[in-house]
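Presented below is the structure to which this report refers.
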Number of protein chains: 2
Amino acid sequence: MSSVVAINQRARSAEQKALRRRAVLETAETYFLEVGYEAFSMSKLAKNIGLAKGTLYLYFQTREELFLTLYEQSLIRWSQVFIDDLSDAMTSKAYSQKLFSTASADGTFLPLLIRLEHMIEHNVAIPRLVSSKQVFINQVEALAEVTSNSLSLSKAQAIEVVKTMGVLLIGATQGDQGPSLDHEELPEDVQDLIASFSSEPLFIKNAVRIIEGIRTEALSNI
Amino acid sequence: MSSVVAINQRARSAEQKALRRRAVLETAETYFLEVGYEAFSMSKLAKNIGLAKGTLYLYFQTREELFLTLYEQSLIRWSQVFIDDLSDAMTSKAYSQKLFSTASADGTFLPLLIRLEHMIEHNVAIPRLVSSKQVFINQVEALAEVTSNSLSLSKAQAIEVVKTMGVLLIGATQGDQGPSLDHEELPEDVQDLIASFSSEPLFIKNAVRIIEGIRTEALSNI
DNA sequence: CTATATAACTGACCACCGGTCATTACAATC
DNA sequence: GATTGTAATGACCGGTGGTCAGTTATATAG
């Protein structure tokens with residue numbers, strides 16, 4: 001009768017299976033936040049949960065499908081946070097700052113976004129991939145709605161802004177994914193280089209340039 | 001006396017070893033272009049060359065160090081091609097088009113650039129990594145020199161442009177790295193989505209916005 | 001021309017990975 | 001209590017990147 005499935009019990013009803021799937025995802029995300037993408041192993045995840053490795057494959061076809069699901073969750077979660085943070089009549093700079101800070105605050109979203117196309121989407125069955133793209137379309141739609149309002153742009157311009165921000169976010173945060181070089185003795189020129197690729201200003205400066213670009217294009221096209 | 005080292009001969013002098021190293025890199029690049037990053041295996045590379053796997057590790061400490069070297073080569077090769085293609089007084093659009101087309105034409109450069117920070121740079125010894133960053137600094141320098149001339153920008157602005165183009169290139173070409181969905185029956189909305197992320201127009205439109213943004217910022221700061 | 005020292009080269013070996021599937025064990029139904 | 005469907009298991013598979021004791025080609029000294 002209880003809707004909780006203890007790890008040593010079997011999930012029989014559809015409801016219990018959905019519950020167990022969610023429990024797997026929860027543990028997976030915690031584990032992912034600890035060790036990152038490359039060190040994440042299915043056997044260790046199984047041990048973390050207290051299930052056998054084979055059981056994981058009853059709930060996800062591949063390691064990548066699990067990551068795709070985590071990505072979807074984090075996308076939805078982040079866009080909700082971002083949308084709630086937006087207000088009317090923002091400057092492009094304030095908008096970009098909110099976008100960057102909310103995205104960075106979610107430890108799962110950016111690392112998975114960056115790996116989406118060249119790692120995760122390979123080794124996922126096509127129908128699952130299609131459904132994931134549709135989730136993406138819905139989120140772009142929702143984000144464009146509020147963006148249009150916050151930046152006083154047409155709907156088409158807002159869609160353009162949202163898509164472009166995604167592209168820029170991937171590029172600008174690339175440097176954050178490199179190995180940590182803190183406390184290493186680096187030559188000054190290399191230190192300067194790293195500093196000049198600091199992701200936050202890199203993103204915000206160019207986000208503003210792009211948003212203003214989109215704005216002025218509309219003016220000259222009347 | 002011959003400077004060629006047959007695969008069944010041993011490379012003894014420093015010169016011969018350098019030659020063998022280059023031969024390994026050459027075969028590795030051909031093999032990489034065939035199978036891509038994920039399917040690239042050191043044992044298969046060894047078989048392709050006709051050496052034992054262990055021998056590869058005499059020339060490269062890790063698989064990733066080999067990739068880092070291929071990346072460096074491709075960066076230098078591409079920037080030479082791009083620089084040679086630039087002319088005086090180009091429009092920002094013509095500049096961006098040249099940048100995109102030359103970078104896309106090199107089958108090695110973009111796939112490795114995209115994986116640089118979150119895959120390749122991990123598992124490479126720090127000193128090697130530092131030297132690679134210095135190669136990067138030199139290329140940025142060389143690119144900024146001609147960019148300054150082609151776009152009639154100050155040196156500082158040109159450096160800003162070059163660095164930002166790299167960021168944008170990574171973001172904009174992300175979609176090209178997904179699994180091939182040609183000949184699949186996709187819902188129309190997903191087809192539209194994919195079309196709207198076509199990398200070339202995505203890159204060029206935003207490259208122009210950014211270059212023009214950098215230009216106008218200078219005007220308003222006098 | 002031969003003996004010796006050097007180090008380039010080898011490949012069996014290691015610990016691990018993602019993924020499979022015959023077998024087991026349990027909960028619901030009869 | 002017996003039957004049955006299926007969730008769960010974990011030994012197993014073919015592969016990976018990387019190691020290192022041992023082999024052997026070769027430059028050089030005698």
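As the structure is a computational prediction, the values presented were derived from the model and not from experiment.
Taking atom CG on B:L19 and atom P on C:dA8, their separation rounds to 15 Å, with Å as the unit. Remark: C1' of C:dA8 and NZ of B:K17 are 8 Å apart, rounded to the nearest angstrom. The interatomic distance linking B:Y57 (OH) with D:dC20 (P) rounds to 13 Å, in whole Å. Atom CG of B:L56 is separated from atom P of D:dT16 by 13 Å (rounded to the nearest Å). As rounded to whole Å, 9 Å separates atom C1' of C:dT10 from atom CZ of B:R10. Atom CG in A:L58 sits about 13 Å away from atom P in D:dG10, given to the nearest Å. Rounded to whole Å, atom C1' of C:dG11 lies 15 Å from atom CE of B:M42. Rounding to whole angstrom units, CD of residue A:E64 and P of C:dG18 are separated by 9 Å.
Contact annotation for A:T55: base contact, defined as any heavy-atom pair under 4.0 Å involving a base atom. Among the heavy atoms of the strands lying under 4.0 Å from A:F40 are primed sugar atoms or P, OP1, OP2 only; no base atom is included. Within the nucleic acid shown, A:Y59 comes within 4.0 Å of sugar-phosphate atoms alone, with no base atom in reach, counting heavy atoms only.
Between A:Y95 and A:F82, the ring planes are perpendicular. Angles over 60° get that label, and only those under 30° would be called parallel.
Taking the nucleotide of DNA chain C with the nearest heavy atom to each of A:G54 and A:A39, the more 5' of the two is matched to A:A39.
Scanning all heavy atoms of the two residues, the minimum distance from A:L112 to A:Y37 falls at CD2-CD1, 3.9 Å.
Close to D:dA11, at under 4.0 Å from its OP1 or OP2, lies no side-chain N or O of A:K53. Within the structure, every side-chain polar atom (N or O) of A:S41 is placed at least 4.0 Å from both OP1 and OP2 of C:dC16.
In this structure, B:R115 forms no cation-pi arrangement with B:F40, as its terminal cationic atom is not both closer than 6.0 Å to the ring centre and no more than 45° off the ring axis.
Not counting sequence neighbours, the partners of A:E121 by the salt bridge (charged side-chain N to carboxylate O under 4.0 Å, His left out) test are A:K133.
Comparing C:dG18, C:dT10, D:dA8 by their nearest atom to the side chain of A:R20 picks out D:dA8.
B:E200 and B:K205 are not joined by a salt bridge, as no carboxylate oxygen comes within less than 4.0 angstrom of a charged side-chain nitrogen.
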